[in-house]
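The structure appears below as structure tokens.
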There are 2 protein chains.
Amino acid sequence: MTSDTTAYATETEFATDWLSGAGLRPTRQRLALAELLIGDGQHRHVTAESLFEAAKAKGAAVSLATVYNTLRAFCEAGVLHEITVDGSKSYFDTNTHDHPHFYWEDEGRLSDAPADQLQINCLPEIPDGAEIAAVEVVIRLRRKR
Amino acid sequence: MTSDTTAYATETEFATDWLSGAGLRPTRQRLALAELLIGDGQHRHVTAESLFEAAKAKGAAVSLATVYNTLRAFCEAGVLHEITVDGSKSYFDTNTHDHPHFYWEDEGRLSDAPADQLQINCLPEIPDGAEIAAVEVVIRLRRKR
DNA sequence: TTAACTGCAAAGGGTTTGCAAGCAC
DNA sequence: GTGCTTGCAAACCCTTTGCAGTTAA
């Protein structure tokens with residue numbers, strides 16, 4: 001485990017606290033998914049499908065519908081961030097702070113871009129009566145030909 | 001018409017040239033859609049549905065499938081840019097240069113953000129063997145409560 | 001004439017939902 | 001017990017596609 005989780009004896013304990021902190025019942029399914037998401041204290045970018053596969057691989061019986069419902073519940077609780085890059089699928093990020101992403105067009109993979117290297121000096125002026133909900137920066141990458 | 005189109009006698013003529021410049025046959029349907037998109041020389045952000053409705057309102061008979069096919073053809077020809085903001089639908093921008101957008105969460109509307117006010121000083125270092133395909137910046141706005 | 005385009009309806013992919021059965025509290 | 005969760009299947013939304021008919025060159 002990393003420094004983030006050293007206070008916890010087990011990943012399950014860590015995940016349980018993460019869930020209750022979000023006001024969500026620690027059901028068997030949610031615990032399994034939460035452990036996959038934040039068990040090792042690392043940030044992760046998953047799709048519903050990839051998390052579903054990971055759960056299956058781990059031997060956790062969770063239906064795909066529950067993965068969707070759970071990801072949505074986590075987002076609404078504010079412990080997960082949804083990112084839409086390509087039309088079809090959604091990615092979910094365990095890092096809920098505004099930060100830039102790399103999107104690997106060839107693989108359809110999303111990863112963090114080092115935030116400290118992105119400097120936005122001055123945002124466009126926000127129209128009156130509006131406020132910024134989020135600033136999404138996605139740097140699309142392709143293999144150099 | 002704006003300065004962009006003053007060399008043309010009609011919007012149709014302008015649209016015809018825009019199409020042939022993109023290597024696309026100026027069919028009745030494409031002309032109608034092209035006129036709606038760039039007829040007045042202004043930049044526009046549309047969805048397939050909104051363009052379909054606009055065409056109907058104008059009295060142009062175009063099927064929804066053709067709107068989709070046409071928007072895709074315009075994108076592939078490089079005269080339109082696709083932007084995915086919220087999971088489901090795609091927006092199409094007549095301004096094909098990389099520039100930041102405002103996304104109005106309450107209305108689901110996309111508009112240009114003044115590009116000259118956004119200064120990205122230094123992009124995160126790009127991994128070896130990769131190159132930047134595009135940098136998408138979407139500033140999500142919500143009504144101030 | 002011929003290849004490209006259109007339109008309908010049907011299929012597609014990702015996501016959500018209705019509802020009965022199952023849990024956490 | 002009571003209300004939130006789960007799971008299955010069906011529904012959903014946006015988008016694409018197969019194919020027969022139409023049209024630009």
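For the numbers below, each heavy atom of this structure counts, side chains included, while hydrogens, waters and symmetry mates do not. First the proteins, then the strands, lettered A, B, ... as listed; each starts at 1.
Donor-acceptor pairing under 3.5 Å is lacking for the side chains of B:His45 and B:Asn95. Using modelled atom types, one finds no donor on one side chain facing an acceptor on the other under 3.5 Å when comparing B:His81 with B:Asp98. Using a 3.5 Å distance cut-off with no hydrogens or angles, the side chains of B:Gln29 and B:Thr66 do not pair a donor with an acceptor.
A straight line from CZ of B:Arg30 to C1' of C:dA4 spans 8 Å, rounded to a whole angstrom. Spacing between atom CZ of A:Arg25 and atom P of C:dA24 amounts to 9 Å, rounded to whole angstrom units. Between B:Gln29 atom CD and C:dA4 atom P the separation is 17 Å, expressed in whole Å. Between A:Leu31 atom CG and C:dC23 atom C1' the separation is 13 Å, expressed in whole Å. Taking atom CG of residue B:Leu64 and atom P of nucleotide C:dT6, one finds them 14 Å apart after rounding to whole Å. One atom, CG of B:Leu33, and another, P of C:dC5, lie 14 Å apart when rounded to the nearest Å. Atom CG in A:Leu19 sits roughly 10 Å away from atom P in C:dC25 (whole-Å rounding). For A:Phe52 and C:dT16, the CZ to P distance is 16 Å, given to the nearest whole Å.
Phosphate contact (OP1/OP2 of C:dT6, side-chain N/O of B:Arg28, threshold under 4.0 Å): absent. The phosphate of C:dA24 has neither OP1 nor OP2 within less than 4.0 Å of any side-chain N or O from A:Thr27. When the side-chain nitrogen and oxygen atoms of B:Ser63 are compared with OP1 and OP2 of C:dG7, one or more of them lie within a distance under 4.0 Å.
For DNA chain D, the outermost nucleotides in 5' to 3' order that have an atom under 4.0 Å from a heavy atom of chain B are D:dC14 to D:dA25.
Side-chain contact check for A:Leu71 versus A:Val67: some heavy-atom pair is nearer than 4.5 Å.
Under a 4.0 Å N-O distance rule, the pair A:Arg143/A:Glu105 does not qualify as a salt bridge. A salt bridge between A:Lys144 and B:Glu131 is absent, with no side-chain N of the basic residue lying under 4.0 Å from a carboxylate O of the acidic one. A salt bridge does not link A:Lys89 with A:Glu49: every distance from a Lys NZ or Arg NE/NH1/NH2 to an Asp or Glu carboxylate oxygen is 4.0 Å or more.
Within the nucleic acid shown, B:Thr47 has no heavy atom closer than 4.0 Å to any nucleic acid atom.
The side chain of A:Arg72 lies closest to C:dT16 when the candidates are C:dT16, C:dG7, C:dT17. Listed nucleotides C:dA24, C:dC8, C:dG14 differ in distance to A:Lys89; the shortest reach to its side chain belongs to C:dG14.
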